[in-house]
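Single-structure report; data block below.
Computed from heavy atoms alone, side chains included, the values below leave out hydrogens, waters and symmetry copies.
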Amino acid sequence: TYNFADSEFFTRIELAKQFVSMVGKDVEIILKAQEEFGFAEPRQIKSYMDSSRFIKETQMSFTTMREVIQSYLTHTLN
């Protein structure tokens with residue numbers, strides 16, 4: 001069994017900071033507790049999967065989050 005997920009992990013705040021940085025904006029990012037979102041069930045803090053076995057056996061790699069954000073910005077803003 002393989003898990004198809006990159007080993008790269010970001011908290012919500014880290015991901016937001018990276019996105020805002022790449023957009024080139026200077027905005028305040030407000031961190032809120034999970035409870036403030038009103039989810040029906042609590043979300044796990046770390047819910048990513050370990051894909052190291054898959055990567056090792058297939059020699060495949062995943063697109064980095066930085067590349068995904070850049071692609072999104074390129075295709076959205078142009």
Side-chain angles (χ1 to χ4, degrees):
T1 301
Y2 293 106
N3 296 315
F4 291 93
D6 192 9
S7 57
E8 190 176 39
F9 171 78
F10 297 97
T11 63
R12 289 187 311 263
I13 192 81
E14 290 168 336
L15 185 57
K17 286 179 180 179
Q18 195 168 122
F19 183 84
V20 168
S21 171
M22 291 181 71
V23 172
K25 299 289 182 183
D26 184 23
V27 299
E28 179 184 10
I29 299 171
I30 301 170
L31 179 61
K32 294 196 171 214
Q34 198 178 132
E35 295 76 26
E36 294 181 66
F37 288 95
F39 294 131
E41 297 177 0
R43 304 294 199 260
Q44 294 181 4
I45 299 298
K46 293 184 177 181
S47 60
Y48 59 92
M49 300 176 184
D50 181 3
S51 58
S52 58
R53 180 178 167 205
F54 174 80
I55 293 169
K56 181 180 176 184
E57 292 187 17
T58 65
Q59 300 302 307
M60 292 180 71
S61 62
F62 292 88
T63 304
T64 66
M65 186 53 68
R66 184 175 264 305
E67 292 170 315
V68 170
I69 294 170
Q70 187 59 57
S71 176
Y72 171 79
L73 294 173
T74 299
H75 291 93
T76 302
L77 301 178
N78 293 328

Given side-chain contact (heavy atoms from CB on, under 4.5 Å), test Phe19 with Val23 step by step and report yes or no. CA-CA 6 Å; Phe19 183 84; Val23 172; 3.6 Å; yes

Linking Ile, Leu, Val, Met, Phe, Trp and Tyr by side-chain heavy atoms under 4.5 Å, what else ends up with Ile13? Val20, Val27, Ile29, Leu31

Pairing residues for Lys56 by the side chain to side chain contact (heavy atoms under 4.5 Å, CB included) criterion, not counting sequence neighbours: none

Ignoring hydrogens and angles, write down the donor-acceptor pairs under 3.5 Å from the side chains of residues 65-72, residues two or more places apart or on other chains.
unit_1 : atom_1 : unit_2 : atom_2 : d
Glu67  : OE1    : Thr64  : N      : 2.9
Glu67  : OE1    : Thr64  : OG1    : 3.1
Gln70  : NE2    : Thr74  : OG1    : 3.3
Ser71  : OG     : His75  : ND1    : 3.3

Taken in chain and number order and not counting sequence neighbours, the residues that satisfy side chain to side chain donor-acceptor pair (under 3.5 Å) with Ser21 are none

Residues two or more places apart in sequence or in another chain: which of them pass side chain to side chain contact (heavy atoms under 4.5 Å, CB included) with Glu36? Lys32, Ala33

